[in-house]
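In what follows, chains carry the letters A, B, and so on, assigned in the order in which the sequence lines appear, proteins first and then strands, with residues in each chain numbered from 1.
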Amino acid sequence: MSIRSLYFIKRPIRYGMVSSDQLPKNYDFAVVEERWRNTWRDEDHYFDRNSKKPPFVIDTPPPYPTGNFHIGNALNWCYIDFFARYKRMKGYNVMFPQGWDCHGLPTEVKVEELNHITKNDVSREEFRKMCRELTEKNIEQMRLTLRRMAFSADWSNEYITMTPKYYSKTQLSFLRMLKSGYIYQDEHPVNYCTRCETAIAFAEVTYEDRETQLNFFDFDGVEIATTRPELLVACVAVAVHPADDRYHNLKGKSLKVPLFGHSVPIVQDEAVDPKFGSGAVMICTFGDKQDVHWWKQHNLPLRKAIDRNGKMTGISGKYAGLSTTECRKAILLDMKAAGILKKQEKLEQRVGTCWRCKTPIEILSGRQWFIRIKQQEIRDAAHQIKWYPEHMLLRMENWIDQMEWDWCISRQRIFATPIPVWFCTKCGEIVVPDEKDLPCDPTLTKPKHPCPKCGGNEFTGEEDVLDTWMDSSISVLNVTGWDGTGKPKIFPAQIRPQGHDIIRTWAFYSILRSVALMRSKPWDQILVNGMVLGEDGFKMSKSRGNVIVPEELVGRYGADALRQWAATGAALGSDIMFSWNDVIAASRFQTKMWNIARFALIQFEKEGIDENAPVTSLADRWLLARLSDTVQVVSAAMENYEFDEALKGIREFAWDVLADNYIELAKGRLYSEGASRKSACRVLYAAYDTLCRMLAPFIPYFAEECYSYLNKGSVHKQPWVAFTYDDAAARTEGDLLVKVVAEVRKYKHDNGLALNAPLGKVTVYAPQTVDDEGDTARTLNADVHWRTDKAHLDRVISGIDFNRAVVGPTFRKQAGAFMEVVKALSPEELAHPPKTIRLDGTEVAIPENAFMPKYSYMEEGAKVNVITVGDVIVTIAIK
RNA sequence: GGGCUCGUGGUCUAGCGGUAUGACGUCGCCCUUACACGGCGGAGGUCACCGGUUCGAAUCCGGUCGGGCCCA
């Protein structure tokens, strides 16, 4: 711990003025952030259900409790916290709930790994308990990170999807949708991961490029090309294009499947590509989605060749029990032996894989639960929501438009919300519990009433569980307080913030469920953020070694620096490349701000602040005008969630306008005494107060630290700035003031003078009266006079610049003589040079651009230098 | 193959009809009582390429090439 930190540590936790000699020279984020973290109270962020303020309810994404809050989460949460804090300051009753989406496969896998078991080694109940315990531990760890980042979450509205309180709502929503016909059970092909042993939804399938082999073989006289010979046993037809002349003679016939011998019909279908392979394709149940399509279209039988463990079933005869890859090898060998394998080619193909484990998915038919997807009503609701940025709506539309299958919501797993139904053993009727008896695990309990259809008393509980998205897609219903008794007062929520990667899942499912259960859009607005890429521009991954962990960043530069990085990194919706540069820039801005604060506090302390002091000086009026502009720009940006614009505006004002220009101008007056000091002090105070409040949503620790010295309580309880100051003259005249100072500084620089070097008399001829109260004089260390009359300058030629590139080649040896003759010309002749000149007795032409006269200026008999700023002339006396 | 997005000084980025914003880096000068984690100034860009619309295009339109994302 450095010595400079001592002040921050010892400083009593209260708001109030301190004496300037106590202000530490350097800002120690570690100490400050920890102190405020320990001071702030959770209650300050609670949503008040009885409040009269307008509600602003955020449907926060519930992260998966892996134990690690990654940088992508951090970006997402920064955005949420920026507007949550902003809206609070704007007078809204903000709910920023924190949820945890617990159920799912990754936790099951982790539990198996940690305990060296498989899920079948212990009872379902025991396994669930282990999952819950691991999840609780992980949540605890992630809560710490959230707090460290100063996210102003409403912990009184925390929800955990694995708790009975939450998943009974999931079950209630299931029962309601079952009743209204949205949910049905059916035997239907679904995407199935044989490694995870569960059905998955299309949203959970990711596609990968792989190289595979296309095998051409003789299929009862017809050549067929297939990438999956192991599905031969599941072949139910051979399809050809109706216009394909090669196969006209086969119309209406059937073929015998090689190696297996069953007969399959020839069908004709427009979807067959005659150019691919041999133009004839075998339809199997099921090789891909197209097979399912054809199978339905042509009303073909079902032959299940692969079971839920990825093994060949009994119908495959001697291949039964082999895995699909073993079976493929065996069949290819047998084809060769039978002499029917013609050739093999390499083929690039995209295979659907399980998004969790990357295992190629199989399409297996089975009894599953589905939710009907009614495209039009989802599309309508999506259009009623305001999308930030707008083009993200297109992604949703594209996804909706290409949906073909209903949403498969049943999973053959354990750690998930149970499907609350029983089946009557006698008649097969689906029996559901009373809503008041939820939550319910049908594998542990029995229905309270006999079967309503047959009066039977024997039941089997459903062992399948629900897709995790069934939990999270009602997050908005949960946070708005839905309990099945009607539409909650605060539904729909105001906003859903999320990443663009889960538009097709979380956003899509949430809209679907909200429409199905509430007949309404779930939120007024959706704010979509981009993904965080590594510094090399690639997706962060352990194998690339480009992963940035929020904790590391916070440890080195502080939470506020990370938050600034999130704000300025990218425009809304764009992917953002991580960059240490931006973090360092953020950290430097804090250093600068801290020094501005120190300077200001030292001034405030001297005589106190008179908030009613008249503001007369031009520089002071200029500062207020620029401050007013900044407030307007920043406020507008905040309303549109353009955090990069907002923070940029604040930084520009603080660094450029306030520190580099205003303070430099006003310093002199602040060091002296009197009315004009009071004026400067007052505007400095206005800027300080306003900056603190505008920075509060972005860098809450820093803003609180600075604001606390003003003894006005917590900055986070202040209203958002409403400062306006209209003074057009101050803006233009002040800009002129700043420009003049800049030009004179440049003059000093160009003439090798130090910036604080004294200058003599400087006269500024401006079109309008400018009363700077001596600010420019002190800043420039010169005797500055502002005048509105015309400058009376005498121009004197003080020398000649020859263009040797012209003079040399033209006159050769006479060049020197030429220059001497020119120098001897009178000032009048130089100002208007003749066409010819007498050189060594001959009249010679003066070439174009041979020379330029150098001028010097005289003002009231004294030599001066002249610089111009637009139509303003500045003269500087030469000593 | 389709959709969406993007291609701007060394790097990243703003602008989205009037020859270009800022950050980091780089070079030079300056330790001026808030700040050298600073100040001031400079160098560095045919705004991917080709064509069109226009008095005028980085900006609009068409095409080409190349990234990224989503989907077949």
Could you say whether A/Lys289 or A/Ile596 is positioned toward the 5' end of RNA chain B, judged by the nucleotide with the nearest heavy atom to each?
-> A/Ile596
Do A/Glu552 and A/Arg556 sit within salt-bridge range, that is, some charged N less than 4.0 Å from a carboxylate O?
-> yes
From B/rC70, B/rG39, B/rA34, nucleotide with atom closest to A/Trp655 side chain = B/rG39
Write down the distance separating the P atoms in B/rC24 and B/rG39, rounded off to the nearest Å.
-> 9 Å
Consider the side chain of A/Asn398, meaning its heavy atoms from C-beta on, and name the nucleotide among B/rG3, B/rC69, B/rG39 that approaches it most closely.
-> B/rG3
Establish, with yes or no, whether the OP1 or OP2 oxygen of B/rA34 is under 4.0 angstrom from a side-chain nitrogen or oxygen of A/Tyr671.
-> yes
Integer-rounded Å distance: B/rG15 P and A/Lys648 NZ = 7 Å
Are A/Arg731 and A/Asp629 within salt-bridge range, i.e. N to O under 4.0 Å?
-> yes
Side chain of A/Thr591 - closest among B/rC37, B/rG39, B/rC24 | B/rC37
Judged by nearest nucleotide, the residue sitting upstream toward the 5' end of RNA chain B, A/Ala585 or A/Trp399, is A/Ala585
Would you indicate which nucleotide in B/rU5, B/rG39, B/rA34 comes nearest to any side-chain atom of A/Asp660?
-> B/rG39
Cation-pi, A/Trp387 ring and A/Arg395 (6.0 angstrom, 45 degrees) = no
Give a yes or no on whether a salt bridge exists between A/Asp288 and A/Arg228, defined as a side-chain N under 4.0 angstrom from a carboxylate O.
-> no
For B/rG39, does OP1 or OP2 lie under 4.0 Å from any side-chain N or O of A/Arg745?
-> no
Should the heavy atoms of other residues, nucleotides or ligands under 6.0 Å from CD of A/Glu673 be counted, would the total exceed 12?
-> no
Spacing of the P atoms in B/rU64 and B/rG2 (rounded, Å) | 10 Å
Among B/rC24, B/rA34, B/rC37, the one nearest A/Asn26 by side-chain distance = B/rC37
Integer-rounded Å distance: B/rC4 C1' and A/Trp387 CH2 | 13 Å
Spacing between A/Trp594 atom CH2 and B/rG38 atom P, to the nearest angstrom | 17 Å
Rounded to whole Å, CG of A/Asp656 lies from C1' of B/rA23 at a distance of 14 Å
Charged N-O contact under 4.0 Å between A/Arg626 and A/Asp735 = yes
Atom-to-atom span, CD1 of A/Ile363 to P of B/rA72 - whole angstrom | 11 Å
Can you establish whether the number of heavy atoms outside A/Gln376 located under 6.0 Å from its atom CD is more than 12?
-> yes
Nearest to side-chain heavy atoms of A/Asp575, which nucleotide of B/rA34, B/rC4, B/rG68 | B/rG68
Considering just the side-chain nitrogens and oxygens of A/Gln402, establish if one lies under 4.0 Å of OP1 or OP2 belonging to B/rA72.
-> yes
Hey, is NZ on A/Lys374 packed in by over 12 heavy atoms from elsewhere, all under 6.0 Å?
-> yes
Any chance you could encode RNA chain B as dot-bracket? Rule is Watson-Crick or G-U wobble with both distances under 3.5 Å; [ ] for pairs crossing earlier ones, | for another strand.
-> (((((((..(((.........))).(((((.......))))).....(((((.......)))))))))))).
Length of the NZ-C1' vector between A/Lys592 and B/rC24, whole Å = 17 Å
Rounded to whole Å, CG of A/Asn595 lies from P of B/rG39 at a distance of 10 Å
Separation of atom NE2 in A/His500 from atom C1' in B/rG68, rounded to whole Å | 9 Å
Minimum-distance nucleotide to A/Phe599 side chain [options: B/rC37, B/rA34, B/rC35] | B/rA34
Of all the choices, B/rC70, B/rC35, B/rG39, which nucleotide is nearest to the side chain of A/Arg598 once you look at every atom?
-> B/rC35
Checking B/rA34, B/rA36, B/rC69 against the side chain of A/Lys25 (C-beta onward), the nearest is B/rA36
